[in-house]
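Just so it is clear, the model here is predicted, and its values are computed rather than measured.
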Amino acid sequence: MKKIYVCNDTITGIFSAIYDAWKEGREEKECRITIKGMLEQELFCEYILVEENLHKEQAVERLIRKHLGGQAYADIWHASLASDKDKADAIYGTMLAARRLRNSKKVMEHLSHPQVERVFELSRKVGSEAHNYKGFLRFRELSGGILYGGIAPKNRILTCIAPHFANRLPQENWLIHDKTHHMYAVHEAGKEWVLVENERIQEERLGQITENEQMYASLWTAFCRTISIESRENPRSQMQHLPLRYRPEMTEMAGEV
């Protein structure tokens with residue numbers, strides 16, 4: 001009977017499911033790994049709710065790094081952050097494909113394999129979105145002196161972009177709010193950033209910005225509008241470089257979307 005491992009949408013959950021399937025020696029046709037909440041029921045299958053833990057995650061990470069290499073691990077890690085119901089299955093299929101190769105560290109070059117190709121595509125999508133938000137994210141200073149940035153990404157990219165801003169703003173208190181997945185990257189001045197999930201913040205406090213923030217926001221908006229040359233406006237080019245979904249939280253686009 002085909003086994004379907006049901007796991008949480010986290011790196012620990014996905015790797016724990018892979019650990020269980022790998023330990024039992026399950027091939028692709030014998031099992032499937034699916035994300036809780038994205039489950040499509042199948043007949044004549046045994047459903048197993050995965051018990052996740054750090055030991056399983058670390059064991060799978062060591063396995064990937066040792067046999068597939070660091071670059072493959074980076075691709076798999078990015079793929080695990082994607083908003084895709086079949087990502088865990090694709091990652092497991094990629095690991096099985098690597099096991100059949102003479103040089104398993106070249107697995108990501110075998111794009112003719114559907115699961116490897118899927119991991120590669122998901123990794124690129126997550127990496128591209130993270131890269132864009134490093135440039136499009138805008139902070140605003142709240143009355144308590146905290147820099148707040150709101151984003152609405154398709155994928156769980158906070159762990160991709162938080163290190164970038166920790167390096168850029170090491171002596172600032174800042175907060176990046178992933179509104180899509182209800183997660184926060186929180187950084188206290190001079191310390192390491194942390195990831196916070198399933199917590200709620202007081203929405204009214206987000207509108208309490210400092211006078212300096214109001215002034216600079218107005219100046220920045222006016223500057224961006226002033227330098228625009230009406231005769232050279234190209235909406236199609238603008239959409240290619242700055243899609244609408246990135247604009248709501250950008251200071252200079254306030255009132256445009």
Side-chain angles (χ1 to χ4, degrees), residues 1-53 56-57 59-61 63-65 67-69 71-101 104 106-133 152-160 178 180-183 197 245:
M1 181 177 290
K2 184 176 182 179
K3 284 191 175 183
I4 298 182
Y5 299 87
V6 184
C7 62
N8 290 324
D9 191 6
T10 63
I11 189 72
T12 304
I14 293 171
F15 278 17
S16 293
I18 291 173
Y19 178 95
D20 291 347
W22 191 275
K23 187 176 181 180
E24 294 181 10
R26 294 280 171 175
E27 294 294 329
E28 291 176 81
K29 294 181 179 180
E30 300 174 326
C31 73
R32 187 159 68 86
I33 301 175
T34 189
I35 304 298
K36 190 185 300 182
M38 302 181 186
L39 180 64
E40 295 181 0
Q41 294 287 342
E42 297 181 30
L43 296 175
F44 312 112
C45 294
E46 179 185 358
Y47 289 87
I48 301 172
L49 186 61
V50 173
E51 181 181 347
E52 65 177 60
N53 60 58
K56 293 180 180 179
E57 176 191 344
V60 172
E61 178 181 344
L63 180 68
I64 296 172
R65 288 188 181 277
H67 296 285
L68 278 69
Q71 183 55 54
Y73 177 77
D75 287 331
I76 287 172
W77 179 68
H78 277 103
S80 73
L81 302 174
S83 178
D84 184 274
K85 64 183 180 64
D86 298 320
K87 60 185 179 182
D89 222 30
I91 293 171
Y92 187 62
T94 297
M95 293 177 63
L96 290 176
R99 191 167 61 177
R100 303 184 187 105
L101 297 176
S104 58
K106 292 187 175 182
V107 64
M108 296 311 299
E109 297 178 13
H110 290 258
L111 297 179
S112 59
H113 191 289
Q115 300 290 51
V116 175
E117 181 187 23
R118 188 61 183 155
V119 167
F120 181 78
E121 290 177 351
L122 293 175
S123 176
R124 289 190 64 181
K125 287 181 179 179
V126 171
S128 177
E129 186 176 45
H131 174 75
N132 287 337
Y133 267 114
K154 294 181 180 179
N155 307 295
R156 297 173 179 265
I157 62 167
L158 276 185
T159 52
C160 300
D178 179 345
T180 306
H181 305 99
H182 310 295
M183 302 166 66
E197 300 184 64
R245 69 186 185 91

Exercise for the section: Kindly determine whether D89 and T34 satisfy side chain to side chain contact (heavy atoms under 4.5 Å, CB included), including the steps that lead there. Expected result: CA-CA 7 Å; D89 222 30; T34 189; over 6 Å; no
Practice task
Any chance you could lay out the side chain to side chain contact (heavy atoms under 4.5 Å, CB included) test for E52 and T10, step after step, and finish with the verdict?
Solution key: CA-CA 10 Å; E52 65 177 60; T10 63; 3.9 Å; yes
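The minimum heavy-atom distance linking S80 with I14 is given by the pair O-CD1, 3.9 Å. Closest approach of V50 to G13, counting heavy atoms only: CG1-O, 4.4 Å. Considering all non-hydrogen atoms of both residues, A97 and V116 come closest at CB-CG2, 4.2 Å. The minimum heavy-atom distance between C31 and R26, with the atom names listed, is SG-CB, 3.6 Å. Residues S123 and A74 share a closest heavy-atom pair of OG-O, 4.5 Å.
Between E129 and the choices K154, R124, R245, the salt bridge (charged side-chain N to carboxylate O under 4.0 Å, His left out) rule is met once, by R245.
Considering NE2 of H181 and CD of E197, their distance stands at 10.5 Å, rounded to 0.5 Å. To the nearest 0.5 Å, atoms SG (C45) and NZ (K3) are separated by 12.0 Å. A distance of 8.5 Å separates CD1 of I33 from CG of D20, quoted to the nearest 0.5 Å. Rounding to the nearest 0.5 Å places CG of D9 at 10.5 Å from NZ of K36. For the atom pair Y5 OH and E46 CD, the distance stands at 8.0 Å (nearest 0.5 Å). Taking CG of L68 as the start and CG of L63 as the end, the distance is 7.5 Å to the nearest 0.5 Å.
C160 has its side chain within reach of W77: a pair of non-hydrogen atoms, C-beta onward, lies under 4.5 Å apart. Side-chain contact between D84 and I35 is absent, with no heavy atoms from C-beta onward closer than 4.5 Å. Using a 4.5 Å cut-off on side-chain heavy atoms (C-beta onward), V60 and Y92 make no contact. Two residues are said to be in side-chain contact when any heavy atoms from C-beta on lie closer than 4.5 Å; L96 and W22 meet this criterion. M108 has its side chain within reach of V119: a pair of non-hydrogen atoms, C-beta onward, lies under 4.5 Å apart.
Between R100 and E27 a salt bridge is recorded (basic side-chain N to carboxylate O distance below 4.0 Å). Between D178 and R156, no side-chain nitrogen of the basic residue sits less than 4.0 Å from a carboxylate oxygen of the acidic one, so the salt-bridge criterion is not met. For the pair R65 and E61, the salt-bridge criterion is met [side-chain N within less than 4.0 Å of a carboxylate O].
Counting heavy atoms of neighbouring residues, nucleotides and ligands inside a 6.0 Å radius, atom CD of E51 does not exceed 12 of them. Enclosure of atom NZ in K106 is not indicated, since only 12 or fewer non-hydrogen atoms of other residues, nucleotides or ligands lie within 6.0 angstrom.
A side-chain donor-acceptor contact under 3.5 Å links S104 to the backbone of H67. Remark: the backbone N or O of A82 is paired with a side-chain donor or acceptor of K87 at under 3.5 angstrom. Of the possible donor and acceptor atoms, none in the side chain of T12 sits under 3.5 Å from a partner among the backbone N and O of E57. Looking at H110, its side chain never comes within 3.5 Å of a backbone N or O of S112 through a donor-acceptor pair.
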